[in-house]
Novice: 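Mind having a look at this structure? Questions to follow.
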There are 2 protein chains.
Amino acid sequence: MRDEKLSPEELAAWRAVVESSQRLLITIEDDLRKASELTLADYNVLVQLAEAPGRRLRMGDLATKLIFAPSRLTYQIGTMEKRGLVTREPCPDDRRGSEAVLTEAGLAALRAAAPGHLGSVRRHFIEDLDAADLAALTKIFTRIDERLSAARTESR
Amino acid sequence: MRDEKLSPEELAAWRAVVESSQRLLITIEDDLRKASELTLADYNVLVQLAEAPGRRLRMGDLATKLIFAPSRLTYQIGTMEKRGLVTREPCPDDRRGSEAVLTEAGLAALRAAAPGHLGSVRRHFIEDLDAADLAALTKIFTRIDERLSAARTESR
DNA sequence: CGGAAGTTGTTCAGATTTGAAAGAACAGGT
DNA sequence: ACCTGTTCTTTCAAATCTGAACAACTTCCG
């Protein structure tokens, strides 16, 4: 807070993480789109719904999981609904809310895309890592995330 | 390539990296915007130009450094030009090209924003890491980046 | 109960981003 | 000089994303 500079090592780490995670995502999204008619956002929606009990989630919960602004999710689900991947249903116990529900077609699309996508993740990311790297990354980013959400909670 | 699944450890690492680097960037961009009238994209443009010899860069080079699609950079520089942060000049030796040039106002904006931004990076990212973490991240992401650009070169 | 205060999801307008197409200029051979 | 193929940047329209404002509910107290 006082020392508002970064050492060369700190700066190198920061830039390496930001730049290559960005390039990594772009590459993986390109792979996904070439192989499947799905955006990475589409894919992530499908994953979240597939993992959710009843294959359905409140819009708000889904937005949180995806780190999407509410209006973005409304739009996202709108386009997926047009393509038949999801349905929107009113929420039974809270009449303000609605739920996104995975359709059979959505599940099929996910199943069709998953192997290729996971292969891409393996090829571009996992293959470069040994078990120690994996553990280190998980530990580091999990901790960062915890601190971030703690900070977010405080500032309200 | 054959085994197109990920182990729980692999999946956990992948999700942790993607999610928290995303949240991290959002948080840091929020900080920057609250403190400065600049987007993270604006800031990165300013940094690249400030570090470049003559404080100027060809559009294409800048686009590569920022991982921006060409048309995106055109737009980006357009908005920054309106705000007086950069200028556009025709490239002397190649009449197809143009250069983005940092203005005094742009440099001043960068200098004004940098301490706060770097403080934010330290607070949300660096502070959670010890020296070993830093070294591990740099090593890992540098290697990933090398592989990615190698793969990109091949596929053309 | 009654109503202030908070939630939830959508809508709308405007900003940004993408991708394809085009225009201009370079480079290499012929 | 003259093609032919490339590269560089911009333009344009369409797709996506953001943030503020809103309508419909819910909750919480008094």
Side-chain angles (χ1 to χ4, degrees), chain A residues 22-23 25-34 37-45 48-49 56-83 85-101 153 156, chain B residues 22-23 25-34 37-45 49 56-83 85-101 152-153 156:
Chain A
Q22 197 133 21
R23 258 192 270 273
L25 281 189
I26 290 172
T27 304
I28 285 176
E29 169 141 27
D30 283 350
D31 282 356
L32 179 62
R33 296 176 72 155
K34 263 178 249 167
E37 224 70 0
L38 294 176
T39 300
L40 198 48
D42 295 334
Y43 183 90
N44 289 332
V45 168
Q48 291 302 331
L49 292 179
R56 60 181 57 231
L57 278 174
R58 284 291 291 266
M59 293 299 275
D61 296 336
L62 185 50
T64 301
K65 283 180 194 293
L66 297 169
I67 324 179
F68 272 28
S71 60
R72 181 178 177 188
L73 183 61
T74 296
Y75 176 80
Q76 172 73 41
I77 293 296
T79 75
M80 293 181 75
E81 198 173 17
K82 281 183 201 154
R83 290 181 284 157
L85 301 172
V86 300
T87 299
R88 218 190 294 252
E89 290 183 17
C91 187
D93 38 323
D94 183 344
R95 275 185 308 178
R96 288 169 303 182
S98 52
E99 297 179 326
V101 185
T153 307
R156 291 193 191 162
Chain B
Q22 197 135 20
R23 258 193 271 273
L25 282 193
I26 290 172
T27 304
I28 285 176
E29 168 141 27
D30 282 349
D31 282 356
L32 180 61
R33 297 177 74 157
K34 263 178 247 166
E37 223 70 0
L38 295 175
T39 298
L40 198 47
D42 296 334
Y43 183 90
N44 288 332
V45 168
L49 292 179
R56 62 181 56 233
L57 278 174
R58 285 290 292 267
M59 293 298 277
D61 296 336
L62 186 50
T64 302
K65 284 179 194 293
L66 296 169
I67 324 178
F68 271 29
S71 61
R72 180 178 176 186
L73 183 62
T74 296
Y75 177 82
Q76 172 74 40
I77 293 297
T79 74
M80 292 181 76
E81 199 172 17
K82 281 184 202 154
R83 290 181 284 158
L85 301 172
V86 300
T87 299
R88 217 190 295 250
E89 290 183 18
C91 187
D93 39 322
D94 184 344
R95 276 186 305 179
R96 287 169 302 183
S98 54
E99 297 180 326
V101 185
R152 214 173 308 119
T153 306
R156 289 190 192 165

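Within every chain, numbering begins at 1; the chains are lettered A, B, ... in the order of the sequence lines, protein sequences first and strands thereafter. Only a predicted model underlies this, so the values are computations on that prediction, with no experimental measurement involved.
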Novice: Between the base of D:dT26 and the side chain of A:Arg96, is there a donor and acceptor pair under 3.5 angstrom?
Specialist: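 Check fails, no donor-acceptor contact within cut-off.
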
Novice: Step by step, work out the side-chain contact (heavy atoms from CB on, under 4.5 Å) result for B:Gln76 and B:Leu66.
Specialist: CA-CA 11 Å; B:Gln76 172 74 40; B:Leu66 296 169; 5.9 Å; no

Novice: Using only modelled atom types and a 3.5 angstrom limit, is any donor from either the side chain of B:Arg72 or the base of C:dT18 paired with an acceptor on the other?
Specialist: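 Per atom types, no contact qualifies.
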
Novice: Output the rounded distance in Å from CZ (A:Arg33) to C1' (D:dT16).
Specialist: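 Computing the A:Arg33:CZ to D:dT16:C1' distance gives 11 Å.
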
Novice: Under a 3.5 Å distance rule, please check whether A:Gln48 uses its side chain to pair with a backbone N or O of A:Leu62 as donor and acceptor.
Specialist: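 A pair under 3.5 Å: no.
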
Novice: Ignoring hydrogens and angles, answer whether the base of C:dG9 and the side-chain atoms of A:Ser98 contain a donor-acceptor pair closer than 3.5 Å.
Specialist: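 For A:Ser98, whose side chain was compared with the base of C:dG9, there is no donor-acceptor pair (under 3.5 Å).
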
Novice: Let me know the distance between CG of A:Leu25 and C1' of C:dT18, rounded to the nearest Å.
Specialist: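 Rounding to the nearest Å, CG of A:Leu25 and C1' of C:dT18 are 17 Å apart.
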
Novice: Indicate the atoms forming the closest heavy-atom contact of A:Thr74 with A:Arg88, along with that distance.
Specialist: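 What the structure gives for the nearest pair is O-NH2, 3.9 Å.
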
Novice: Closer to the 5' end of DNA chain D via nearest nucleotide, is it A:Ser71 or B:Arg88?
Specialist: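 This one resolves to B:Arg88.
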
Novice: Rounding to an integer number of Å, can you tell me how far A:Asp93 CG sits from D:dA24 C1'?
Specialist: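 About 16 Å, once rounded to whole Å.
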
Novice: With a 4.0 Å limit, can you tell me whether A:Arg58 has a side-chain N or O closer than that to the phosphate oxygens OP1/OP2 of C:dT7?
Specialist: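 No, A:Arg58 has no side-chain N/O under 4.0 Å of OP1/OP2 on C:dT7.
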
Novice: Looking at B:Val101, B:Asn44, B:Val86, which one forms a side chain to side chain contact (heavy atoms under 4.5 Å, CB included) with B:Leu49?
Specialist: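 Filter result, single survivor: B:Val86.
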
Novice: Within the structure, does a side-chain N or O atom of A:Tyr75 lie under 4.0 Å from either OP1 or OP2 of D:dT16?
Specialist: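 Yes, because at least one side-chain N or O of A:Tyr75 sits under 4.0 Å from OP1 or OP2 of D:dT16.
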
Novice: Using whole Å, report how far CE of B:Met80 lies from P of C:dT16.
Specialist: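 It works out to 12 Å between those atoms.
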
Novice: Taking for each residue the nucleotide of DNA chain D bearing the nearest heavy atom, is the 5' side occupied by A:Thr39 or by B:Met59?
Specialist: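 Comparing both residues, the 5'-ward one is B:Met59.
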
Novice: Grab the CD-P distance between A:Glu89 and C:dT8 for me, whole Å please.
Specialist: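 About 20 Å, once rounded to whole Å.
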
Novice: It should be established whether A:Arg95 places a side-chain nitrogen or oxygen under 4.0 Å from OP1 or OP2 of nucleotide C:dG9.
Specialist: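 For A:Arg95, the contact criterion (side-chain N or O under 4.0 Å from OP1 or OP2 of C:dG9) is not met.
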
Novice: Give the rounded distance in Å between these two atoms: CZ of A:Phe68 and P of C:dT10.
Specialist: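 A:Phe68 atom CZ is separated from C:dT10 atom P by 14 Å.
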
Novice: Any N or O donor-acceptor pair linking the side chain of A:Thr74 to the base of C:dG9 at under 3.5 Å?
Specialist: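 No.
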
